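None of these values were measured; they are calculated from a predicted model. When a residue number appears, it is its place in the shown sequence, counting from 1.
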Amino acid sequence: MATNCDFKRSSLLAEQYQQEMELISQALLEESEEEREERLSLVERSWSLTSACFYAQRESGDTSSRTSAVSAHRLG
């Protein structure tokens, strides 16, 4: 059951979030075209690296799970 403290904490977090989003929005409005292009370039590069890492982990996970399944089958 939610308590009064939970509601206070929740509203405080919402207020902090709103303040942070206002700061970010203001900074985005003030940035130059060059800064915007640089930021988008960084996001694009980090996304491709993140995707590559994700797929590499997924493939290595798939390989290890297949190896475990083959090993279990051989033992069984």
Side-chain angles (χ1 to χ4, degrees):
M1 182 163 91
T3 65
N4 204 15
C5 184
D6 292 335
F7 290 125
K8 287 179 185 176
R9 190 171 102 191
S10 178
S11 62
L12 178 61
L13 290 174
E15 184 179 326
Q16 288 175 338
Y17 174 80
Q18 184 63 36
Q19 289 172 351
E20 293 294 323
M21 293 309 295
E22 288 172 5
L23 290 173
I24 291 169
S25 295
Q26 187 62 38
L28 290 173
L29 290 173
E30 294 174 356
E31 76 179 351
S32 68
E33 183 66 29
E34 182 179 312
E35 290 170 323
R36 185 176 297 118
E37 289 175 9
E38 181 181 353
R39 180 175 48 81
L40 292 173
S41 174
L42 290 170
V43 169
E44 183 180 352
R45 280 188 279 160
S46 68
W47 177 253
S48 58
L49 289 172
T50 301
S51 297
C53 289
F54 172 77
Y55 287 115
Q57 280 187 331
R58 195 174 95 185
E59 287 177 7
S60 70
D62 288 348
T63 302
S64 64
S65 64
R66 276 186 254 147
T67 303
S68 297
V70 169
S71 297
H73 179 71
R74 287 182 182 165
L75 293 174

My understanding is that only residues two or more places apart in sequence, or in another chain, count here; which of them pass side-chain contact (heavy atoms from CB on, under 4.5 Å) with [X]?
X: Ser41; answer: Arg45
X: Ser46; answer: none
X: Leu40; answer: Arg36

Could you tell me whether Glu34 atom CD has more than 12 heavy atoms of other residues or ligands within 6.0 Å of it? no
For Phe54, the other hydrophobic cluster members (4.5 Å side-chain criterion, sorted by chain and number) are Tyr55
Who pairs with Glu31 by side chain to side chain donor-acceptor pair (under 3.5 Å), at least two apart in sequence or on another chain?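 Glu31: side chain to side chain donor-acceptor pair (under 3.5 Å) contacts with Arg39.
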When rounded to the nearest 0.5 angstrom, what distance separates CG in Leu28 from CG in Leu23? 11.0 Å
May I have the list of side-chain donor-acceptor pairs in residues 13-20 shorter than 3.5 Å, sequence neighbours left out?
{"residue": "Gln18", "atom": "NE2", "partner": "Glu22", "partner atom": "OE2", "Å": "3.3"}

